[in-house]
Amino acid sequence: MSYNDQWWLATIGRTLIWARLRVLDAGTAEVLDSDGVSQPYDSEDTARAALMDAEFVSLDGLDEDDAHTRGFALDELAPPSGDDDEMLRAQMVRQLPSRR
């Protein structure tokens with residue numbers, strides 16, 4: 001089984017909230033939310049729409065200006081990583097260091 005994973009993020013101040021959009025072979029999709037729960041969707045488009053409605057943006061679509069507008073630099077961003085969803089769960093909400 002192969003996956004097409006895309007990382008999305010939302011921000012509240014210096015807090016990053018991650019979501020992983022995974023497109024499955026069948027064309028369906030699932031979003032791993034900040035609580036570590038996978039939400040199923042009937043298509044990638046439906047999952048993307050739900051993320052955008054929740055004010056998430058695609059990490060791939062961010063440029064330095066977008067990041068600056070949100071209050072951080074692109075080099076501060078590193079999506080969660082791990083071998084399974086349980087390892088990712090603890091990393092889905094992250095506090096960025098204070099800016100001085």
Side-chain angles (χ1 to χ4, degrees):
M1 184 176 283
S2 63
Y3 300 115
N4 175 7
D5 289 349
Q6 303 163 26
W7 285 99
W8 290 64
L9 66 119
T11 52
I12 301 171
R14 300 285 293 160
T15 302
L16 294 178
I17 303 164
W18 290 99
R20 182 195 64 208
L21 169 60
R22 174 171 280 174
V23 180
L24 306 174
D25 289 338
T28 58
E30 63 184 28
V31 172
L32 181 67
D33 67 19
S34 60
D35 294 325
V37 176
S38 287
Q39 304 291 334
Y41 292 90
D42 61 354
S43 71
E44 178 180 0
D45 289 342
T46 305
R48 285 175 162 272
L51 286 164
M52 287 187 278
D53 284 348
E55 299 186 14
F56 279 79
V57 295
S58 173
L59 177 60
D60 290 342
L62 276 181
D63 63 21
E64 197 60 54
D65 288 338
D66 295 330
H68 180 71
T69 299
R70 289 178 169 263
F72 55 84
L74 279 179
D75 63 2
E76 292 182 279
L77 301 180
S81 62
D83 294 332
D84 58 35
D85 290 354
E86 191 58 38
M87 289 179 75
L88 297 176
R89 183 179 192 206
Q91 304 171 58
M92 298 299 280
V93 177
R94 195 175 114 218
Q95 188 70 34
L96 292 172
S98 298
R99 289 208 159 158
R100 296 174 188 198

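From a predicted model like this one, the values you see are computed outputs, not experimental measurements. In this chain, residues are counted from 1 in sequence order.
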Original post:
Closest heavy-atom contact between Val31 and Ala19?
Top reply: CG1-CB, 4.0 Å
For a quick test of your reading: what N or O donor-acceptor pairs under 3.5 Å do the side chains of residues 52-62 make, sequence neighbours left out?
{"from": "Ser58", "atom 1": "OG", "to": "Asp60", "atom 2": "N", "distance (Å)": "3.3"}

Original post:
Would you say the side chain of Phe72 lies within less than 4.5 Å of the side chain of Leu16, judging by non-hydrogen atoms?
Top reply: yes
Subject >> Shortest non-hydrogen contact between Ala73 and Ala67, atoms and distance >> reply: C-CB, 4.2 Å
Original post:
Hey, does Leu32 have a side-chain heavy atom less than 4.5 Å from the side chain of Arg22?
Top reply: no
Original post:
Does the pair Glu76 and Arg70 meet the rule for a salt bridge (Lys or Arg N to Asp or Glu O under 4.0 Å), with working shown?
Top reply: CA-CA 12 Å; Glu76 292 182 279; Arg70 289 178 169 263; over 6 Å; no
Subject >> Residue pair Ser34 / Val93: nearest heavy atoms and the distance that separates them >> reply: CB-CG2, 3.8 Å
Original post:
Are Glu44 and Leu21 side-chain neighbours, meaning at least one heavy-atom pair lies under 4.5 Å?
Top reply: yes
Original post:
Rounded to the nearest 0.5 Å, how far apart are CG of Asp63 and CG of Asp65?
Top reply: 5.0 Å
Subject >> Gap separating the OG1 atom of Thr46 from the CG atom of Leu51, nearest 0.5 angstrom >> reply: 11.0 Å
Original post:
Roughly how far, to the nearest 0.5 Å, is CG of Asp66 from CG of Leu74?
Top reply: 8.0 Å
**OP:** Using side chain to side chain contact (heavy atoms under 4.5 Å, CB included) as the criterion, point out the one residue from Ile12, Thr11, Leu9 that pairs with Ile17.
**Re:** Ile12
**OP:** Please indicate whether Asp84 has more than 12 foreign heavy atoms, meaning atoms of other residues, nucleotides or ligands, lying under 6.0 Å from its CG.
**Re:** yes
**OP:** Scan residues 85-94 for pairs that pass side chain to side chain donor-acceptor pair (under 3.5 Å), counting only residues two or more places apart or in two chains.
**Re:** Arg20-Asp85
**OP:** Grab the two heavy atoms, one from Ala29 and one from Ser43, that are nearest each other, plus how far apart they are.
**Re:** CB-O, 3.7 Å
Subject >> Gap separating the OH atom of Tyr41 from the CZ atom of Arg48, nearest 0.5 angstrom >> reply: 13.5 Å
Original post:
Atom CE in Met92, atom CG in Asp35: separation rounded to 0.5 Å?
Top reply: 9.0 Å
